[in-house]
Structure formats: structure tokens, C-alpha cells
Number of protein chains: 2
Amino acid sequence: MATDAHREFKNRLYGQFARIGKALSSPHRLEMLELLAQGERTVDSLAEEIGLSLANASQHLQVLRQAALVDTRRDGLFVHYRLADPGVCDLYHAIHSVAERRLGDLERLVREHFGDRAGAEPVPMDELLARARSGRAVILDTRPVGEYAAGHIAGAISVPVDDLQRRLRELPRDRKYVAYCRGPYCVYADRAVEILRGKGRQARRLLEGFPEWQAAGLPIHTGLERGAIR
Amino acid sequence: MATDAHREFKNRLYGQFARIGKALSSPHRLEMLELLAQGERTVDSLAEEIGLSLANASQHLQVLRQAALVDTRRDGLFVHYRLADPGVCDLYHAIHSVAERRLGDLERLVREHFGDRAGAEPVPMDELLARARSGRAVILDTRPVGEYAAGHIAGAISVPVDDLQRRLRELPRDRKYVAYCRGPYCVYADRAVEILRGKGRQARRLLEGFPEWQAAGLPIHTGLERGAIR
DNA sequence: GCCATGGTCAAGTAATCTATTGATTACTGC
DNA sequence: GCAGTAATCAATAGATTACTTGACCATGGC
């Protein structure tokens with residue numbers, strides 16, 4: 001019967017799409033994707049940062065791999081995982097955007113945790129680009145240095161938030177600072193702004209994070225040396 | 001401990017995003033979203049088309065509603081479900097696009113079912129827009145008439161694929177036809193093209209479907225009368 | 001009021017998913 | 001080859017999810 005064959009096809013078709021949906025259905029896996037959006041990482045480092053056992057992290061990563069969202073590369077003892085496709089970032093942002101607009105619980109949660117963030121006047125990406133080009137702002141990458149090395153906003157300097165306190169002398173008082181981190185829900189940049197303001201600097205955070213900057217096609221650099229912005 | 005509070009926040013945060021992922025993790029729910037992208041529908045009509053029991057369909061719809069992907073409206077005896085936000089379409093397309101690029105199984109499945117579709121030279125959206133504006137093509141909406149009424153490509157006429165055979169006399173031989181349907185994986189337009197070509201008409205299908213046209217911001221109309229394209 | 005219809009709720013079972021544990025594989029350096 | 005580390009595999013118990021059934025609620029027509 002033709003209709004049965006057709007049903008069967010649809011079941012398989014939507015089954016394929018559901019593979020991707022299933023991969024996105026676990027909080028831990030979503031957190032992994034966000035970390036991988038900063039650059040490739042080993043199983044061990046993901047497990048530790050998220051607070052999972054090694055075996056558990058490995059299994060989650062394999063779910064992601066079977067959904068073709070991530071890829072691997074072996075280097076000696078280490079297996080490095082990375083996002084398989086820029087489209088995975090789009091997917092991630094599509095979820096963010098629906099969640100932000102439609103989930104009241106999310107808004108409430110963020111408000112409770114961050115307080116009224118609008119008071120700190122976050123800088124949107126296009127404004128930062130303009131300010132950086134004209135040399136009117138120093139851009140601080142507050143993520144761990146490994147993530148900076150894997151890719152950062154062109155012209156940014158690496159000041160992991162944990163090092164900020166003791167590296168303050170490198171940051172003159174007469175400049176304006178914009179700190180960024182992993183994304184809008186990451187606290188590193190907020191903490192950095194707090195510290196900087198406490199020490200008399202003018203500082204604001206980037207509204208978004210590195211993955212959004214990259215996805216927007218704005219200038220980035222890789223490696224540890226500071227790349228100039230253009 | 002601050003780190004514990006922070007972990008707790010992250011768990012809740014990603015838990016919120018995972019609500020959306022969970023909603024996308026079932027083939028049946030994805031099929032529902034695709035149908036809802038054509039326009040609002042009742043529980044019963046969704047259940048019947050997908051082949052689910054009424055109770056089961058209702059429960060799936062509630063998962064979608066709790067993830068804030070759909071909304072409802074009651075009209076007398078009927079409860080109409082609709083997509084809650086255009087962002088849901090984006091989300092859907094993001095899944096499609098990753099799946100198309102990365103899932104070999106999907107490609108294989110589609111190839112087996114549709115054969116080599118490239119031979120039928122599907123028309124991309126921008127080309128159809130140009131051809132329609134200059135009057136060089138008749139656009140046929142091959143979906144059920146209810147979906148046409150809920151929204152269709154401006155200038156298209158409604159010819160549900162099941163009615164096509166007996167309405168052929170309405171379609172003069174000296175025109176060129178472009179048929180479209182629910183999306184790239186829907187067979188209605190393919191069937192229509194087959195029938196039309198079998199009866200000596202020049203016909204091609206639109207590569208995408210109505211939701212993609214709408215998401216692209218191209219001109220649409222609602223209602224049963226034929227709206228002119230501009 | 002009663003009935004018919006569309007839809008939801010509640011309970012139960014089968015299937016699936018998650019996280020843990022301990023064993024095993026893959027590779028490096030000696 | 002052996003020891004040590006990174007990661008995966010295999011087996012399991014506990015939690016979640018999917019679907020069915022039958023009861024229940026909401027609305028409109030009589």
C-alpha cells in the first residue's frame with residue numbers, strides 16, 4: 001500500500017530530525033555544546049568543568065557525535081571534541097532566542113541571578129566593533145587562556161577573570177574597558193566589570209559572547225599573541 | 001559556597017534550554033511542528049494526519065506547549081494549536097540545515113525515496129519570485145485547501161494534489177507551472193509535477209515550501225480568494 | 001436539563017534514558 | 001615489553017518518557 005510506505009518514510013524522516021532534537025534534550029549536553037562553541041576541548045576537561053564523571057561525559061559526547069553535532073580528533077592520549085558545523089551554533093542560538101522570548105521561567109531565573117543587568121549598560125556587538133576600530137576601548141577576554149588561544153575577538157587581550165585582580169597594574173586608569181566571555185549567560189565578564197569598576201576603571205561588558213561574535217562574521221584571531229583589530 | 005550556587009544556577013539555566021530540546025526530541029512532535037508551520041490546526045486533525053490516538057496527540061501537544069513552542073485558542077468545541085513564535089520556524093530550519101549537511105542517513109533516505117530529484121530541476125525561491133512578478137509562471141498550491149486559506153504564496157491558486165487530476169482543464173497547456181507544498185520533504189508538489197508533466201504541461205516544483213517562503217519575508221496572502229502577487 | 005463531540009486527565013505498562021561502577025582499549029614514554 | 005594516562009565499553013539500577021485505556025471536563029444544539 002502506498003500510504004503505508006509513505007508513513008514509513010515520514011517516520012524515518014522525522015526520526016532523523018529527532019536524532020538532533022534528542023541530542024539537545026539534556027542540560028549537560030547543551031552545556032557541553034556551549035563550551036565547545038568556545039573552541040575544542042578534551043573529554044576530561046569538559047567532564048571536570050561541568051562536574052560529570054569521565055565515563056558519563058564520554059557517553060554524552062557520543063550522543064552528540066551520533067547526532068553529528070560534534071566531531072573528534074585524536075592527538076596522542078587526548079581526544080579533542082569540537083563542533084562539527086557552524087550550523088550547530090545557529091541551532092544553539094535559535095534555542096536561546098526562543099527561550100528568551102517565550103520562557104518566563106528563564107527570564108525570572110536570569111533576573112534573580114544577575115539582578116538588573118541593564119543598569120550596567122552592556123555594549124552590543126556593533127557598538128563594540130565601532131569603538132574598537134577607533135581605539136576608544138580596550139577589549140578584555142575574560143575566559144580561560146586556552147579559550148582565548150582557540151579564538152578571540154580581534155584586538156582583545158587575554159585577562160582571565162581569575163587573574164584580573166593581580167594584573168590590574170597592566171590596565172591604565174585612563175582607558176575604557178569592555179569585557180567579554182562565553183556568552184550572555186556567562187558571569188566572567190560581569191565579575192570582571194565589577195572588579196574593574198571597584199578599582200576606578202570605566203568598564204562595561206559585551207552583551208553577547210565570543211561565539212555570537214564569531215557567528216556574526218566579525219573579525220577574530222587565534223593564537224596567544226594579540227591580534228590587531230581592523 | 002559560591003561555586004555551589006553557581007553550579008545550581010547553571011543547572012537551572014541549561015534545564016530551561018533543555019525544555020525546548022526535549023520538546024524537539026520526538027519524531028511525532030517534530031511532525032506536528034511542521035504541520036503547524038502551515039497554519040493552525042485542531043488536535044483531532046493533527047492526530048488523524050499523523051496517525052496518533054487523540055489522547056496521545058493531545059499529550060504531545062502539551063509537551064510542546066509547556067516548552068512554549070505552541071499556543072492555543074479555543075473556538076467552540078475546537079482547540080486550535082499554532083506556533084507560538086516565528087522563532088520556532090527558525091529553530092526548525094536550523095535542525096533541517098544541520099541534518100541535511102551532517103546526517104548521511106538522511107541524505108540516503110531522501111535519495112531512496114525521491115530518486116534523483118535534481119533531474120526535475122526544482123525552482124529556488126528567488127527565481128520563483130522573479131518569474132511570478134513577470135507573469136511567466138502559474139503558482140500552484142498543492143496543499144489541502146485549509147492550509148491554503150491559512151496562508152499561501154501571493155498569487156498562487158489552490159489546487160490540492162488530490163483534486164489536480166479532475167481540475168486539469170482549468171490549467172491551460174501554454175503556461176508554465178510551479179507547484180509548491182509544505183516543504184522540501186513533502187511529496188505533494190512532486191506528485192503534482194508528475195501529473196502535470198504526464199498531461200503535457202511544463203511544470204517544476206519549488207525547492208522549498210510555504211513555511212520557508214514565509215520565513216524569508218516574501219509576499220503571502222491569507223484567505224480563499226487568490227491574492228495578486230506584487 | 002440531556003446528549004454528542006472535542007479535548008484533557010489519570011493510571012498503568014513497556015520502552016528508553018541517565019549515571020554509576022568496573023573492565024577494557026588506545027596510546028605514550030620508558 | 002611494562003607502566004601510566006585518556007577515553008571508551010558493558011552492565012546495571014533508578015528515573016523519565018511514550019502510548020493505551022477509560023474516565024472526566026467543556027462547549028453547543030436540542
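We use all heavy atoms of the structure for the numbers below, so side chains are in, but hydrogens, waters and symmetry mates are not. Below, read A as the first sequence line, B as the second, and so on, with proteins coming before strands; counting in each chain starts at 1. As the structure is a prediction and not an experimental result, all values here were calculated from the model.
Under the side-chain hydrogen bond (donor to acceptor under 3.5 Å, both in side chains) criterion, B/Arg82 pairs with no residue, sequence neighbours left out. B/Arg101 is linked by a side-chain hydrogen bond (donor to acceptor under 3.5 Å, both in side chains) to A/Asp85, B/Ser97, counting only residues two or more places apart in sequence or in another chain. For B/Glu147, the salt bridge (Lys or Arg N to Asp or Glu O under 4.0 Å) partners at least two apart in sequence or on another chain are B/Arg41, B/Arg182. Scanning for side-chain hydrogen bond (donor to acceptor under 3.5 Å, both in side chains) contacts around A/Tyr188 gives an empty result, with sequence neighbours left out. Residues that satisfy the salt bridge (Lys or Arg N to Asp or Glu O under 4.0 Å) test with A/Glu170, not counting sequence neighbours, are A/Arg167. Under the rule for a salt bridge (Lys or Arg N to Asp or Glu O under 4.0 Å), B/Arg74 has no partner lying at least two apart in sequence or in another chain. With sequence neighbours excluded, no residue satisfies salt bridge (Lys or Arg N to Asp or Glu O under 4.0 Å) with B/Arg65.
Of the residues in residues 71-83 of chain A, those lying under 4.0 Å from DNA chain C by heavy-atom distance are A/Arg74, A/Gly76, A/Leu77. The stretch residues 27-41 of chain B does not touch DNA chain C, since none of its heavy atoms comes less than 4.0 Å from the strand.
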Sub-3.5 Å pairs of nitrogen or oxygen atoms, protein against nucleotides 10-13 of chain C:
residue	atom	partner	partner atom	Å
C/dA10	N6	B/Gln59	OE1	3.3

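Residue A/Glu194 places its CD atom among 12 or fewer non-hydrogen atoms of other residues, nucleotides or ligands, all under 6.0 Å distant. Residue A/Glu48 qualifies as open at atom CD: its count of foreign heavy atoms under 6.0 Å is 12 or below.
B/Phe210 carries B/Arg143 over the face of its six-membered ring, with the cationic atom under 6.0 Å from the centre and within 45° of the normal.
In summary, contact between chain A and DNA chain D, defined as any nucleotide atom under 4.0 Å from a heavy atom of the protein, begins and ends at D/dG4 to D/dA10 in the 5' to 3' direction.
Taking the six-membered ring where tryptophan is involved, the planes of B/His6 and A/His113 are essentially parallel, since the angle between them stays under 30° and well short of 60°.
Summary for the helix from C/dG1-D/dC30 to C/dC30-D/dG1: the axes at its two ends, each from 5 pairs, differ by 30° when rounded to the nearest 10 degrees.
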